[in-house]
Novice: 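The structure under discussion is supplied below as C-alpha cells; questions concerning it will follow.
These figures come from a predicted structure and were not determined experimentally. Chain identifiers are assigned alphabetically (A, B, ...) following the order of the sequence lines, protein sequences preceding nucleic acid strands; residue numbering begins at 1 within each chain. Keep in mind that the numbers below use all heavy atoms, side chains included, and drop hydrogens, waters and symmetry copies.
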Amino acid sequence: MPNPTDPTAQAAPWLEQRLPVRRLLRDHLIFAPVPVDFSLGACLEPLIWGALLTLTFTGIWLGLFYHATPHGAFISLQTIMRAVPFGWLIRDLHRTGVTILFALAYLQLFRALRLGLYRDGRELAWMVNVLRFATFLFLGVLGFIMIDGAASAALSTTLAAHLATIPIIGTGLAAAFLGTAGELSRHDLAHMDLTRIAMAHIAIGFLLLLIAGLTSLTQRLAPPANGNGLAQLDPRDIVPLHPHASSRLFAAAILTGLIFFALILAAPHLQSSRLNAIPASPLALPLHLDLPWYLLGFAGLAQAGQSLGGGTLLIAVLLILLAALPWLDRSAAAAARYRPWHRRALWLLAAAWILLSIGADQRTALWSLITDLSAFYVIAHFLLLTPLISLLEHPKPVPTRLTGGKI
Amino acid sequence: MRAPLIGLLAAFALSPMARAAPHFGFTTLLGSYNQASLQTGFAVYQADCAACHAIRAVRYRDLTGIGLTPAAITRLTWQIHRFLTPGAKSGIPMTPDNRLLALRPPGANSQAAPDLSLITTALPHGPASIVALLRAHHPLAPGSITLAGGVKPSPATMDHDVAAFLAWSADPTLDQRKSIMLRAMIFLAIFGLIGFFALRQDRTP
C-alpha cells in the first residue's frame, strides 16, 4: 500500500502502482547488480535474447505467408522473397539470425565451461541452459526442413531414421513427425509431414521463450557469473549495470549487429545449402549430407557412432554429460585460469569439436579416423578427463576479489 | 627484379583462360546488376531457352526489375498470348501477373525441361557455371536476337548476359539487399560510436 502522506508515492501512475514494470526494469535490467569484471563474454546472455526475439518476430512474419504443403512450401518461400513487401529482408534476418544465435550460443557454452558457470549453486541454471541449447538445435533442424529443398528432405529422412532408433518410443515418435498413423515404412521416411514440422517449429519456438525465461531466472537467482569462478562475491565487487557496464553491453550489441548485417550483405546463403535451391523430390537425392554449420559437430559425432543407433546414442550421451557436468567436476577451483591442466583439456575439446565439424563432410579414411578420435575425445573429456583432472590437479590459489572492468 | 613478376602477371591476364573467364560485376561485394546486360540476357532467354525452360519464380511484371516499362511488359504478354493461341480472339489473355512458363506452341513435344528459377544458386560457381555449361554443351548461335540499333551480339556476350539474367532471376533483390545493408551498417556504426561514448560519460570515477 502506498503511504498517502508520501508525495512521490502519490505521483506514481495508476498502472505503475499496480504493476511496477518500471521498477522491475530498473532493478533487474538497467541497474541490475553485475560483477565488477563484467566482460564482453558476459554480454552473450543478453545478446542471445536479442537474437531470440529477432527470430521470433521475423518467424511470425514468415509464418503468415508460409504454406506447409509438400509442393507449396518451397514455392511459398520464393513468393515471400519476391512478392511480399520486404519479404526478402525478413527471410534474410531470420536465416542469418540463426547463424548469429548459434554463434552466440556456442560461445556462451564455451565461456561457461571456462569459468565453471555450472557449479557452486548454479547447477539448476546450467541444466536449464543445456536444455535451452538442445532446443536451439532441434528448432534449427526443424527450420532447415521447412525450407523444403533437396537437402531439407535428406535431413528430414536422417532425423526420422535417428528418432526411430530410440528404444520403445522411437518408432512412434518418428511416425508422429512423419504424419503416418500406423507402422513406419521406408516409403514414408522420404516424405515428412511439413504441417507437423511447421507446427512443431512454431510451438517449440514459443516454448523456447519460456525455457529461455527460465534460464534467465535461474541464472539471476544463482551466484553471479564472474571471471574468477567465485561462488561468493565481495559486496564491493558488485556494481549496477548502468553506468558501470552499460557502455560495454551497448558496444557488444552494436558489434553483433554489424556482423549480422555484414553477413546478410556478403553471405546471405551462409547457412543454407546449395542443394536447397532444388525443390525436395524423390529424384533429387543429395550425394552427401549438406548441413548448416551449427549442426556439423553433431553430424560428425553421429558419424563416429558407426550406425544410426550409435549416432543417436552419442548425441544423447553428450547432452546428458553436459547437463551432469556439475557432478563430474570435483575441483576446488571453478575457473579454468586457475587449473592449468583443465584449461588445456578445454582447448583440446574446442579443437576436437572443430575437427568433428570438418570431418562430418569428409569421405577419406584419414578423416574418418580423425572424426572417430575427436568423438572419442569429446565424450572422454566429460566422462573421464574432467573428473580425473579435477581430482588429481592442485589448482592455483583463487583471489577472492575481482579485477577488471576496463572499458 | 620486378620485371619477371609483372611479365608473369601480364601473361596471366592476357592468357586465353583469363580472357575467357566471364566477369560478373554483381558477384563482387558491392557490385550491382547491369540492366542493359540483363535486358539482353532476357532477350536471349526468350529466343533460345524459353521454348523448353520455364522460370516460374519470376512473373512478367517482375521484369520492371530489369528496366522494362509496364507498357512494354503488357505488349510482351500480348505477343506471347498470340503466339501460344494463334488466331484466338477469346479466352483469358495473358496478364502481367503470369509467370515465365515454357513457351511451347500447343501440340509441341511437352517433355519437361528443368525450371531455371534458381539454377545459378544451385550450381557451384553461379552464373560462371552457366557460361561454362553453354560453351561446353549448348553453344548459342549468333543472330537469334537483334538489339536496338540492329546490333547482333556475339555468342560470348549472349552467354554472359543470359547467365546474368538467370542470376537476377534467382536473386532479384540483390541490389536492394546490398544497399539497405550497407546503409544499416553505416547507421549502426555512427549510432554505436555516439551511444558508446554517451554511456561512458555517465560513469563516475
Side-chain angles (χ1 to χ4, degrees), chain A residues 30 74-89 91-93 96 149-151 239-269 272-279 281 283-284 286 290 405 407, chain B residues 27-31 55-59 61-62 65 97 99 112 114-126 129 166-205:
Chain A
I30 302 168
F74 189 86
I75 296 166
S76 71
L77 280 175
Q78 287 306 314
T79 308
I80 286 171
M81 296 195 69
R82 290 154 193 266
V84 175
F86 288 102
W88 59 270
L89 180 61
R91 190 178 176 209
D92 278 346
L93 290 173
T96 308
V239 291
L241 178 72
H242 182 76
H244 182 81
S246 50
S247 59
R248 192 173 316 190
L249 182 57
F250 182 78
I254 293 288
L255 275 179
T256 312
L258 279 173
I259 295 171
F260 186 19
F261 290 158
L263 280 178
I264 294 179
L265 173 70
H269 301 293
S272 55
S273 146
R274 198 169 281 293
L275 287 170
N276 265 348
I278 303 163
S281 123
L283 291 175
D290 212 345
I407 293 183
Chain B
T27 54
T28 56
L29 190 60
L30 296 175
I55 304 184
R56 286 187 189 82
V58 177
R59 296 161 304 171
R61 64 168 163 170
D62 297 336
D97 227 18
R99 290 163 190 279
D115 185 288
L116 298 181
S117 301
L118 293 169
I119 188 80
T120 58
T121 315
L123 290 172
H125 302 292
S129 294
L166 290 175
W168 173 85
S169 306
D171 191 4
T173 51
L174 175 133
D175 289 352
Q176 276 168 288
R177 182 170 63 233
K178 285 180 179 176
S179 84
I180 286 185
M181 284 303 133
L182 192 66
R183 276 183 277 171
M185 286 176 70
I186 293 170
F187 167 78
L188 260 193
I190 296 171
F191 173 70
L193 278 177
I194 295 172
F196 177 71
F197 286 110
L199 284 171
R200 247 172 74 127
Q201 280 281 304
D202 258 11
R203 201 189 314 165
T204 42

Novice: Using a 4.5 angstrom heavy-atom cutoff, name the option from B:P124, B:P114, B:A170 with the most pairs to chain A.
Specialist: B:P124

Novice: Pick one of side chain, backbone, both or neither for B:I119, based on which atoms fall under 4.5 Å of a heavy atom in chain A.
Specialist: neither

Novice: With only heavy atoms counted, which part of A:I278 is less than 4.5 Å from chain B, the side chain, the backbone, both or neither?
Specialist: side chain

Novice: At a heavy-atom separation under 4.5 Å, does A:L275 approach chain B through its side chain, its backbone, both, or neither?
Specialist: neither

Novice: Under a 4.5 Å heavy-atom cut-off, does chain B meet the side chain of A:N276, its backbone, both or neither?
Specialist: neither

Novice: For A:A262, which atoms come within 4.5 Å of any heavy atom of chain B: side chain, backbone, both, or neither?
Specialist: both

Novice: Counting only heavy atoms closer than 4.5 Å, note whether A:A150 contacts chain B via side chain, backbone, both or neither.
Specialist: neither

Novice: Is the B:F197-A:F250 ring centre distance short of 6.0 angstrom?
Specialist: no

Novice: Could you tell me how the ring of A:W88 sits relative to the ring of A:F86: parallel (under 30°), tilted (30 to 60°) or perpendicular (over 60°)?
Specialist: tilted

Novice: Taking the side chain from A:R274 and the backbone from B:L123, do they hold a donor-acceptor pair closer than 3.5 Å?
Specialist: yes

Novice: Could you state the interatomic distance from CG (B:L118) to CZ (A:F74), rounded to the nearest 0.5 Å?
Specialist: 5.0 Å

Novice: In terms of heavy-atom proximity below 4.5 Å to chain A, should B:R61 be classed as side chain, backbone, both, or neither?
Specialist: neither

Novice: Does a salt bridge link A:R82 with B:D62, judged by any charged N lying under 4.0 Å from a carboxylate O?
Specialist: no

Novice: Okay, side chain of B:S117, backbone of B:R56: is any donor-acceptor separation there less than 3.5 Å?
Specialist: yes

